[in-house]
Amino acid sequence: MREMLILSLLIFLCLISGKIYATSYKGNFNYIDPYKAVEDMDPGWNLGNALDAIPDETSWGNPKTEEYVFEDIKKMGFRSVRIPVTWVDHMGPAPDYKVDKEWMDRVKEVVNMALKKDLYVIINVHHDSWRWLSKEMKLDKEGTINKLEKLWLQIADRFKDYSEKLIFEIINEPTYEGFSEQEAGALQNEVNERILRIIRNSGGYNDRRLVVVPPLWTDTYKAEKYFVPPKDPNIIIGVHYYSPWDFTANWWGRKSWGTDKDKEQMDKDIRIVREKFPSYAFIIGEYGLFNGNKPAEWYYFDNLIRVAKKYKMATFYWDNGENYDRRNRVWRDEQAIKIIINASYGKRNAFLNPGILYIKENKVKDEKIEIELNGNSFVGIYLNGRSLIQGKDYVQESPNRLILKKEFLKNILTPQSYGIVARLSFKFTESVDYPLDIVQYKDPVLLDKPFNIISGVPTDLKFIIAFNGARLCAIKVFDAKTGRPIRDSWTPYLRGWDDFSVIDSQVIIKKHVFENLSKYQNIDSLKIIFEFLSGEIIETTLKVI
């Protein structure tokens, strides 16, 4: 009788608590179909370079994940989190491939933190894809798939009683070395079928749990060619989007994005899978930018989110710690996040051209600003909370164009003050406020004396540049005599941030750029050109000895 009373009391407490299980990690499983889940998950965020880091959570520079991370992303407006997990460094040998208890417990702990904040959560098998799955498949197909099955059997069993807000994702960005593209596509279809079978037969709520299944490379064009969805009503197709790579990664000198052709291509890239698989739910499980040209990045994000919404796809922003600083709990580019959130909630953002106003010292003039309203109405311009006066500080020539007056700009510029000297806030009816940075600059100066390069002995080249408010955006390196590129045969531009880095006033061109220099005959000098967003360039020539 006493036990019955206790049980009745527990049931009563659950009932009066309302959503006790809605924000819990274990408990009732309230089935949700994939399409509704995708709608509810949007927008999503990736906890990148954390549990997926190699070999441990803090190995790639981020601190140990704490509950406040999920509190902060939810406060910004994200509704879901994808938690990539790399397992291989925490697995035992064949035949069981047993996952270390400490690692499984840690994954569970982080998942619980996110679910506690009432976020949807996706967990996956992440860098295992290239660490062993794609490499070992050619050597032993059956043994490799069996290894993945053993891993998923453990993951599925550990989380089988979790609520519907926990979603599984089979594998991240599968490729498969040594197979033709067609063979690799068919192989991924087989992997999806077999792992899905393991999950469905693992007990608990896993027979109905939502599972993200990837096509080869998680690429839309590979999906259109080779992907065959498993016959299962509770799957979501997961693709990634980092196109065009020359812009998103700032490779080969690409600085901008946003022409009509760019937008048409983005629409086609996403539309191709929606048309091929019209009845399936989709997520874009990763997207992101590493370009450094913030206004162009914001414009790209806004367009991608709106295209995804057009085709009813949830998006998951890839953040490896470069934006959200997990130590200090600040967003390094909060404007990007505001634009993403606003667009995800169905609101239109307005944009300015130019996105940053560069003013050369002693060259002040009236400045024309074009406005892409996107259905908004212009409200006003503010500087430090003060409203600028139309007719005096600026003139609005049309709804889409205004002029910042020369006298106003002179008043906010200080001689010999370089960099961002003011930030104007443009306000609109529905858009997030647009921050127009006013940057004063003068010609950047290379402070180094010329030095030599020793052919066959590659080393990092370090240049000291007085930027004087200018911002470096691209570097070209080529044979000074013939113009022949030395990094990639089709372009003299280096691959942004892979081939060079900027630390304060020091620009470092990495030694691998020069590793093949000795194979070229008759190169006696290299020309290096530094390009800046303000339009300036610096040229220097180095002797090859």
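Other residues, nucleotides and ligands place more than 12 heavy atoms under 6.0 Å from the NZ atom of Lys476. Annotation for Lys347: atom NZ does not count as buried by contact number, only 12 or fewer foreign heavy atoms lying within 6.0 Å.
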Pair Asp437, Tyr358 - check side-chain hydrogen bond (donor to acceptor under 3.5 Å, both in side chains), show working. CA-CA 8 Å; Asp437 285 341; Tyr358 287 94; over 6 Å; no

Checking side-chain hydrogen bond (donor to acceptor under 3.5 Å, both in side chains) for the pair Ser134/Thr175: CA distance, chi angles, key distance, verdict? CA-CA 6 Å; Ser134 293; Thr175 55; 3.1 Å; yes

Pair Ile389, Phe408 - check side chain to side chain contact (heavy atoms under 4.5 Å, CB included), show working. CA-CA 10 Å; Ile389 301 171; Phe408 164 73; over 6 Å; no

Run the side chain to side chain contact (heavy atoms under 4.5 Å, CB included) test on Val85 and Asp52 for me, step by step, so that the C-alpha distance in whole Å, both residues' side-chain angles and the decisive distance to 0.1 Å come before the verdict. CA-CA 4 Å; Val85 184; Asp52 59 314; over 6 Å; no

Should Glu169 and Val125 be marked as a side chain to side chain contact (heavy atoms under 4.5 Å, CB included) after you check the CA-CA gap, both sets of side-chain angles, and the distance that decides it? CA-CA 7 Å; Glu169 178 186 4; Val125 175; over 6 Å; no

Could you go through the ring pair (Phe, Tyr, Trp, His ring centres under 6.0 Å) check for Tyr280 and Tyr35 one step at a time? CA-CA 8 Å; Tyr280 286 88; Tyr35 320 101; 8.2 Å; no

Asn376 vs Ile371, test: side chain to side chain contact (heavy atoms under 4.5 Å, CB included). Steps then yes/no. CA-CA 10 Å; Asn376 284 274; Ile371 306 175; over 6 Å; no

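To the nearest 0.5 angstrom, Leu494 atom CG is 8.0 Å from His512 atom NE2. Atom CG of residue Asp89 and atom CG of residue Asp128 lie 8.0 Å apart, to the nearest 0.5 angstrom. Separating the CG atom in Asp42 from the CZ atom in Phe316 is a distance of 7.5 Å, to the nearest 0.5 Å. Rounding to the nearest 0.5 Å places CG of Asn303 at 4.0 Å from CH2 of Trp257. Separation of atoms CD1 (Ile420) and CG (Leu357) is listed at 12.0 Å; rounding is to 0.5 Å.
Using a distance-only test at 3.5 Å, with no hydrogens or angles considered, no donor-acceptor pair links the side chain of Asn234 to the main chain of Val211. Side-chain N or O atoms of Asp319 include one that pairs as donor or acceptor with a backbone N or O of Tyr324 at under 3.5 Å. Using modelled atom types, one side-chain atom of Lys74 and one backbone atom of Lys117 make a donor-acceptor pair closer than 3.5 Å. Counting only distance, with no hydrogens or angles, the side chain of Asp325 and the backbone of Asn328 share a donor-acceptor pair below 3.5 Å. Counting only distance, with no hydrogens or angles, the side chain of Arg271 and the backbone of Arg274 share no donor-acceptor pair below 3.5 Å. In this structure, Lys64 contributes its side chain and Thr58 its backbone to no donor-acceptor pair below 3.5 Å. A donor-acceptor contact shorter than 3.5 Å is absent between the side chain of Glu164 and the backbone of Phe29. Distance alone, capped at 3.5 Å, is enough to place a donor-acceptor pair between the Thr259 side chain and the Asp262 backbone. In terms of modelled atom types and a separation under 3.5 Å, the side chain of Asp219 and the main chain of Lys222 share a donor-acceptor contact. Not a single donor-acceptor pair under 3.5 Å links the side chain of Arg471 to the backbone N or O of Leu533.
One finds no salt bridge joining Lys261 and Glu264 here, because no Lys/Arg side-chain nitrogen approaches an Asp/Glu carboxylate oxygen to under 4.0 Å. Salt-bridge check for Asp498 with Lys510: failed, with every basic side-chain N at 4.0 Å or more from each acidic carboxylate O. Between Arg326 and Asp72 there is no salt bridge, since no side-chain nitrogen of the basic residue lies less than 4.0 Å from a carboxylate oxygen of the acidic one. One finds no salt bridge joining Lys338 and Asp433 here, because no Lys/Arg side-chain nitrogen approaches an Asp/Glu carboxylate oxygen to under 4.0 Å. Comment: Glu430 does not engage Arg348 in a salt bridge, judged by the lack of any side-chain N to carboxylate O separation of less than 4.0 angstrom.
Using a 4.5 Å heavy-atom threshold, the side chains of Ile369 and Tyr394 count as separate. Counting heavy atoms from C-beta outward, Leu51 and Val107 have side chains that approach closer than 4.5 Å.
Counting all heavy atoms, side chain and backbone alike, Glu286 lies closest to Arg82 at OE2-NH1, 2.9 Å. The minimum heavy-atom distance between Phe426 and Ile381, with the atom names listed, is CE2-CD1, 3.5 Å. The two residues Lys309 and Ala343 make their nearest non-hydrogen contact at CD-O, 3.3 Å. Heavy atoms only, all atoms of each residue included: Thr220 and Val273 are closest at O-CG1, 3.2 Å. Between Leu210 and Ile167, the closest heavy-atom pair is O-CG2, 3.2 Å. Taking every heavy atom of both residues into account, Lys427 and Tyr382 meet most closely at CD-CE1, 3.3 Å.
One side chain, Thr65 or Glu57, offers a donor N or O that lies under 3.5 Å from an acceptor on the other. With no hydrogens or angles considered, no side-chain donor-acceptor pair links Asp488 and Thr491 at under 3.5 Å. When only modelled atom types and interatomic distance are considered, Asn320 and Trp60 share no side-chain donor-acceptor pair under 3.5 Å. Donor-acceptor pairing under 3.5 Å is recorded for the side chains of Asn323 and Tyr317. Under 3.5 Å, the side chains of Glu531 and Tyr493 contain a donor-acceptor pair of N or O atoms. Side chains of Asp302 and Asn349: a donor on one and an acceptor on the other come within 3.5 Å. For the residue pair Trp298/Asp333, the side-chain donor-acceptor check at 3.5 Å is satisfied. For the 3.5 Å distance criterion, the side chains of Tyr434 and Gln335 fail to qualify, holding no donor opposite an acceptor. Using a 3.5 Å distance cut-off with no hydrogens or angles, the side chains of His127 and Asn172 do not pair a donor with an acceptor. At a cut-off of 3.5 Å, with distance as the only test, a side-chain donor of Tyr221 or Asp269 sits close to an acceptor on the other residue. Tyr299 and Lys294 are not linked by any side-chain donor-acceptor pair at a separation below 3.5 angstrom, with hydrogens and angles left out of the test.
Under the 6.0 Å distance and 45° angle rule, Arg209 counts as a cation-pi partner of Phe168. A cation-pi arrangement is present between Arg79 and Tyr345 under the rule of less than 6.0 angstrom and at most 45 degrees off the ring axis.
Each of Phe247, Phe351, Tyr287 was compared with Tyr300 under the ring pair (Phe, Tyr, Trp, His ring centres under 6.0 Å) criterion, and only Phe247 meets it. When each of Ile83, Ile54, Thr86, Ile171 is tested with His126 by the rule side chain to side chain contact (heavy atoms under 4.5 Å, CB included), just one qualifies, namely Thr86. Ser344 pairs in a side chain to side chain contact (heavy atoms under 4.5 Å, CB included) with only one of the listed residues (Ile341, Ile340, Asn342), which is Ile340.
Aromatic pair Trp318/Tyr242: centroids not less than 6.0 angstrom apart. Note: Tyr441 and Phe532 fail the aromatic proximity criterion, with ring centroids not under 6.0 Å apart.
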